[in-house]
Undergrad: 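Attaching a single structure in structure tokens format; questions to follow.
All values reported here derive from a predicted model rather than from experimental measurement. In the text below, chain A, chain B and the rest are named by the order of the sequence lines, each starting its count at 1.
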Amino acid sequence: MIPRFSYSRPRSLGDAFHAHAATDGEGAYVVGGTELLQVMKMGLAQFRTLIDLKGIAELHGIEVLADGTLRIGACTTHRQIERSPIVAASLPGLAELELHLANVRVRNQGTIGGNLAFAEPHSDPATFLLACDARVELASPAGRRTVAIDEFVLGPLYTSREPEEILTAVLVPPAGKGGGRGYAKAKFFERPAVAVGVALTVVDRVVVSARVSLGSITEVPMLVPAAAAGLVGAAADPASLAAAARIAAASAFADLDAVDDLNGAADYKRHLAGVLIQQAALAALTEATPHA
Amino acid sequence: MHEIIEVGLTVNGRPHELRIEPRETLGEVLRDRLALTGLKVSCDSQVCGACTVLVDGLAVSACTYLAVDADGRSVRTVEGLAVDGRLTPLQQAFIDHAAFQCAFCTSGMLMTATALLEENPAPTREEVVTGLEGNLCRCTGYAPIVDAVLAAAAATAEATA
Ligand SMILES: Cc1cc2nc3c(=O)[nH]c(=O)nc-3n(C[C@@H](O)[C@@H](O)[C@H](O)COP(=O)(O)OP(=O)(O)OC[C@H]3O[C@@H](n4cnc5c(N)ncnc54)[C@H](O)[C@@H]3O)c2cc1C
Ligand code: FES
Ligand code: FES
């Protein structure tokens with residue numbers, strides 16, 4: 001059985017902050033509970049009060065803002081993202097990622113906000129959204145702020161969120177003209193063993209800028225500028241780009257401090273990263289040059 | 001005194017008013033309070049799918065879903081599939097294809113596949129395999145289960161043609 005707690009179901013952010021303040025630091029927010037209930041069951045964390053954020057309307061919904069930014073409410077479930085026509089049109093790599101995340105039950109229950117706030121090192125969205133240069137929006141009684149993903153996810157199960165702060169939305173900038181974002185992962189258990197995100201921009205059939213992120217392989221998702229630099233200048237055709245990605249990975253990933261665990265030995269994971277960067281780059285290229 | 005919450009939920013079409021503790025899972029409430037023991041709690045960690053039930057048509061892990069979150073919602077369990085002893089085409093297909101041996105996974109498989117077919121009445125084999133990925137079976141090797149789901153889709157299409 002899960003240890004006892006009381007349950008609060010606020011309908012507004014203001015009520016949620018109140019409920020949080022009333023717990024004297026012994027409360028936690030909960031949405032899908034797919035992470036939180038599990039750690040409580042295992043006795044790894046205890047809270048006197050859980051504050052359910054699902055009933056707060058403004059934390060739901062997916063929209064594209066006037067400047068093309070994709071805004072996903074924190075309480076949007078993985079399944080809603082997977083099946084959203086808006087996401088399919090503006091960030092197809094995310095819809096594809098969601099289809100292959102966890103299992104259908106976790107996708108129906110778990111949310112994008114809960115995923116990022118928990119900062120599990122094997123998060124699929126954190127890795128991909130890092131390549132996409134996404135930000136999270138946080139609200140507290142003091143006001144709102146937005147934070148880049150790499151300044152939000154700071155370590156395993158550790159973020160820059162203050163205890164009372166509520167993650168309200170994820171903001172993904174548009175790819176822009178000639179831009180594309182791709183993601184590839186290898187998994188042997190529930191969560192990815194190694195994951196790579198690539199964002200790139202093509203001008204006149206040449207890659208002019210790139211971002212490469214790595215996840216699951218180290219304790220926190222990270223950008224690898226050396227690998228990204230290796231993609232810049234590559235001709236925007238699949239064979240040239242894959243070759244550039246392979247060469248970039250060989251040097252950029254060589255000294256990577258990969259975690260040795262049940263998902264595989266460090267060497268093997270570095271090898272996988274070198275394969276996956278090619279797949280992610282090709283997926284990004286498909287979005288960047290849809291008519292090629 | 002610990003907190004008690006009053007919840008109202010519909011289970012297999014029947015309304016229930018219950019006084020529960022917030023910590024009670026839907027699996028505990030369905031099995032221990034409503035005696036619906038078709039769902040099995042096995043891994044207790046959202047991995048195996050033996051506890052799958054539908055909440056407002058969506059498959060969830062009853063082992064790790066708070067019963068209070070089902071307040072005002074409609075829950076379906078394996079007990080609610082057959083009507084007056086008449087099996088659904090999916091249940092019949094599981095028998096015809098020998099899609100179970102020990103049957104510990106079966107109620108979860110049936111519920112996941114029921115939701116899948118309601119959403120996508122004519123799935124490809126690959127869509128069925130992906131959809132059932134989170135339901136584990138130690139006995140059948142999965143092929144007969146996938147065959148049964150596809151056969152149920154075909155039988156339903158034929159019946160409504
Ligand atoms: C079997 C299994 C397989 C999984 N596989 C994968 C996988 O392949 N890839 C992957 O990326 N993930 C995977 N997950 C992780 C999955 O649980 C998360 O992706 C899920 O989305 C978490 O969301 P939640 O709403 O359930 O979070 P909860 O459990 O409700 O919350 C998680 C944490 O975040 C906090 N929190 C939640 N929402 C907010 C908010 N809006 N503001 C502030 N704090 C908040 C909570 O206080 C808590 O500390 C898996 C989980 C399981 C159980
Ligand atoms: S018992 Fe719930 S998923 Fe295994
Ligand atoms: S029939 Fe035995 S676990 Fe599936």
Undergrad: To the closest 0.5 Å, what do you measure between CG (B/N135) and CG (A/N103)?
TA: 7.5 Å
Undergrad: With chain A as the partner, which of B/G49, B/A59, B/C63, B/G131 has the greatest number of non-hydrogen pairs under 4.5 Å?
TA: B/A59
Undergrad: Using heavy atoms and a sub-4.5 Å threshold, report which of residues 21-33 of chain B line up against chain A, by residue number.
TA: B/E21, B/P22, B/R23, B/T25, B/E28
Undergrad: How about A/L44: does its CG atom have over 12 heavy atoms from other parts shown lying under 6.0 Å from it?
TA: yes
Undergrad: Run B/L58 and A/Q109 through side-chain contact (heavy atoms from CB on, under 4.5 Å) and show every step you take.
TA: CA-CA 9 Å; B/L58 298 176; A/Q109 224 177 305; over 6 Å; no
Undergrad: If we define contacts as heavy-atom pairs under 4.5 Å, which of A/A102, A/G55, A/S6 has the most with chain B?
TA: A/S6
Undergrad: Using non-hydrogen atoms only, which part of A/R107 is less than 4.5 Å away from chain B: side chain, backbone, both, or neither?
TA: neither
Undergrad: Within the supplied structure, the quantity of interest is the number of heavy atoms (other residues, nucleotides, ligands) at a distance under 6.0 Å from A/E219 CD; does it exceed 12?
TA: no
Undergrad: Please check this pair: side chain of A/Q38 against backbone of B/T64, looking for a donor-acceptor N/O pair closer than 3.5 Å.
TA: no
Undergrad: I need the A/L37 CG to B/S45 OG distance, nearest 0.5 Å.
TA: 12.5 Å
Undergrad: Donor-acceptor check, side chain of A/R105 to backbone of B/G134, threshold 3.5 angstrom: yes or no?
TA: yes
Undergrad: Hey, which residues of residues 93-125 of chain B are touching chain A, say heavy atoms under 4.5 Å apart?
TA: B/T112, B/E119
Undergrad: Measuring from B/E3:CD to A/R4:CZ, what's the distance to the nearest 0.5 Å?
TA: 11.5 Å
Undergrad: Please round to the nearest 0.5 Å and tell me the distance separating atom CZ of A/F5 and atom CG of B/L66.
TA: 4.5 Å
Undergrad: With a 4.5 angstrom heavy-atom cut-off, which part of A/R48 approaches chain B: side chain, backbone, both or neither?
TA: neither
Undergrad: Quick check on B/I5 against chain A: is it the side chain, the backbone, both or neither that has a heavy atom closer than 4.5 Å?
TA: side chain
Undergrad: Side chain, backbone, both or neither: which part of B/D69 has a non-hydrogen atom closer than 4.5 Å to chain A?
TA: side chain
Undergrad: Is there a donor-acceptor pair closer than 3.5 Å between any side-chain N or O of A/K41 and the backbone N or O of B/D44?
TA: yes
